[in-house]
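Written below as structure tokens is the structure these notes are about.
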Amino acid sequence: MSSLTRWLSLAVVLLLAAPGAARAQEGYASDAPVLPPDTASLRTEPQAPLTQDEPLPHPATAVPQSEDGAILDGRVRYGAFLSGPGSLTFIMHHSLMGALGGFFTQGIGKGFSFDRSSREAMLAGTLIGAGLGFGASAWWQFHNWVDRPMSYFGIANSVIGGMFAAGFMDMLTRDQSLLTWSALIGAELGAWITAGLGGGQLPLDDGLLIASGGGWGLIYGALLLAIVHFSGSKIEGKTWVDSLLIAPGIGATALALATMKYNPTPSQIMRANLFGAGVGAVVLALSALVLGGFDQPTPYVLSFLGSAGAITTVSLLWEEAAERPNMALSGSRRSKAYRCVWW
């Protein structure tokens with residue numbers, strides 16, 4: 001073998017052995033102990049609290065502090081003349097109620113005659129009634145913040161009050177003029193009792209519960225009269241009218257007293273109303289269809305019991321917390337299943 005061949009063979013051997021030597025060197029390096037990191041470099045030092053050079057601007061919903069009457073009952077006045085979002089409805093309600101009361105009291109008293117004196121009396125009654133209603137309501141709302149629930153439920157309660165006074169007085173007299181004045185006074189009392197006792201910030205649930213009481217008083221009054229009438233004791237038309245006029249006032253008064261102890265939410269009230277009305281109507285129609293007509297007491301009895309049972313069941317056993325299962329607390333201990341406002 002020539003010297004050139006030997007040198008070429010040695011170079012090839014060195015080239016083939018170089019990668020293995022490099023891998024061996026890496027293995028020896030990886031087996032060497034590694035020093036732990038400096039723990040001091042991992043520690044965080046407490047930072048100084050952030051400071052703000054300029055104060056944040058007040059949000060738009062902040063209540064401005066004022067001493068010139070801009071704040072009324074803890075709320076911002078709605079305007080220079082109107083105190084709250086329900087003030088305009090409140091004023092319009094009392095103005096129209098006074099105008100209609102003045103017109104009908106004078107018109108019925110004059111027999112709705114078209115002579116000059118009758119027309120003057122009706123015109124004067126309308127204008128005076130509207131002026132008194134406008135002035136009284138404007139003064140009251142100027143000194144009391146009026147929200148929308150109070151203004152709306154004041155209208156409903158004035159209707160209930162007028163019905164109650166007219167029905168009660170109709171049992172005592174048949175004088176049309178006196179009945180008209182009674183209805184006007186009852187309507188005014190219903191509206192002003194709502195404003196005085198409920199206040200301008202009447203809660204929605206309280207107003208809704210009272211109005212529902214008036215509606216259910218009318219429904220249950222009609223069902224009870226139908227039960228008695230078709231059971232063999234005939235009821236005259238005047239008794240029907242007087243009873244149905246009085247019944248809403250009794251129901252509204254009962255649930256107004258209930259608001260002092262119970263506090264259901266508006267959704268609970270509306271749910272009970274819908275279930276009660278739906279079940280009662282279906283039971284009444286189905287039972288009358290099966291039994292052969294409405295001229296018997298059984299359909300009215302079943303409707304009465306069905307609606308009352310539906311209202312009671314939904315009010316007591318509807319679990320609103322089940323609508324938000326992600327808010328339920330997990331645990332082995334079993335807590336009370338349902339906390340109801342009715343107990």
Side-chain angles (χ1 to χ4, degrees), residues 89-90 92-109 112 125-126 129-130 132-133 136-137 149-198 202 206-229 235-259 269 273 276-277 280 300 303-304 307-308 311:
T89 304
F90 182 76
M92 293 297 296
H93 165 218
H94 283 271
S95 300
L96 291 176
M97 184 169 56
L100 292 176
F103 174 79
F104 281 105
T105 53
Q106 297 303 313
I108 290 179
F112 288 105
T126 302
L132 291 176
S137 59
M150 194 280 280
S151 62
Y152 296 151
F153 290 116
I155 299 174
N157 292 338
S158 67
V159 174
I160 294 174
M163 292 173 61
F164 180 85
F168 182 80
M169 189 58 63
D170 190 53
M171 296 189 301
L172 305 177
T173 180
R174 300 294 292 178
D175 188 351
Q176 297 296 321
S177 179
L178 185 58
L179 291 176
T180 307
W181 277 104
S182 300
L184 174 61
I185 294 174
E188 291 285 352
L189 286 176
W192 285 109
I193 288 175
T194 303
L197 297 182
L202 175 70
D206 289 351
L208 189 59
L209 186 63
I210 295 172
S212 299
W216 284 110
L218 179 63
I219 294 173
Y220 285 147
L223 291 175
L224 289 174
L225 289 173
I227 293 171
V228 174
H229 180 76
I235 299 178
E236 299 179 355
K238 182 177 182 299
T239 305
W240 278 90
V241 173
D242 294 343
S243 301
L244 294 180
L245 288 174
I246 294 174
I250 296 175
T253 302
L255 290 192
L257 296 175
T259 58
I269 299 171
N273 290 338
Y300 303 100
S303 178
F304 187 101
S307 63
I311 291 173

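Just so it is clear, the values below take in all heavy atoms, side chains as well, and ignore hydrogens, waters and symmetry mates.
The two residues Ala166 and Ala183 make their nearest non-hydrogen contact at CB-CB, 4.0 Å. Annotation for Gly249 and Phe164: closest pair CA-CD1, 4.1 Å, computed over non-hydrogen atoms. Across every non-hydrogen atom of Ser307 and Tyr220, the tightest pair is OG-OH, 3.1 Å. Closest of all the heavy-atom pairs between Asn157 and Ile210 is OD1-CG2, 3.9 Å. Gly280 and Ser303 make their closest contact through O-OG, 2.9 Å (heavy atoms, listed as atom of the first residue, atom of the second, distance). Counting all heavy atoms, side chain and backbone alike, Ala165 lies closest to Ser182 at CB-O, 3.2 Å.
Here CG of Leu178 is found 9.0 Å from CG of Leu172. Values are rounded to the nearest 0.5 Å. Taken to the nearest 0.5 Å, the CH2 atom of Trp240 stands 5.5 Å off from the CD1 atom of Ile235. Of the inter-residue distances, the one linking Asp206 atom CG with Met150 atom CE reads 13.5 Å to the nearest 0.5 angstrom. From Met97, atom CE reaches atom CE of Met92 across 12.5 Å, with rounding to the nearest 0.5 Å. Distance OG1/Thr126 to CG/Leu96: 11.0 Å, rounded to 0.5 Å. Atom CE in Met169 sits 10.5 Å away from atom CD1 in Ile246 (nearest 0.5 Å).
A donor-acceptor pair is defined here as one N or O able to donate and one able to accept, closer than 3.5 Å; such a pair exists between the side chain of Asn273 and the backbone of Ile269. Side-chain N or O atoms of Ser95 include none that pairs as donor or acceptor with a backbone N or O of Gly133 at under 3.5 Å.
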Inset, instruction - Verify side-chain contact (heavy atoms from CB on, under 4.5 Å) between Leu245 and Phe168, making sure each step is shown before the conclusion. - result: CA-CA 8 Å; Leu245 288 174; Phe168 182 80; over 6 Å; no

Inset, instruction - Evaluate the side-chain contact (heavy atoms from CB on, under 4.5 Å) criterion for residues Ile219 and Leu223: first the C-alpha distance (whole Å), next the side-chain angles of each, then the deciding distance (0.1 Å), finally the verdict. - result: CA-CA 6 Å; Ile219 294 173; Leu223 291 175; 4.3 Å; yes

Inset, instruction - Decide side-chain contact (heavy atoms from CB on, under 4.5 Å) for Leu202 and Thr194; before the verdict, give the C-alpha distance in whole Å, the side-chain angles of both, and the deciding distance to 0.1 Å. - result: CA-CA 8 Å; Leu202 175 70; Thr194 303; 4.1 Å; yes

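Between Leu184 and Trp181 there is a side-chain heavy-atom pair separated by less than 4.5 Å.
Taking the six-membered ring wherever Trp is involved, the centroid distance between the rings of Trp216 and Phe304 does not fall below 6.0 Å.
Aromatic ring orientation, His94 versus Trp192: tilted (interplanar angle from 30° to 60°).
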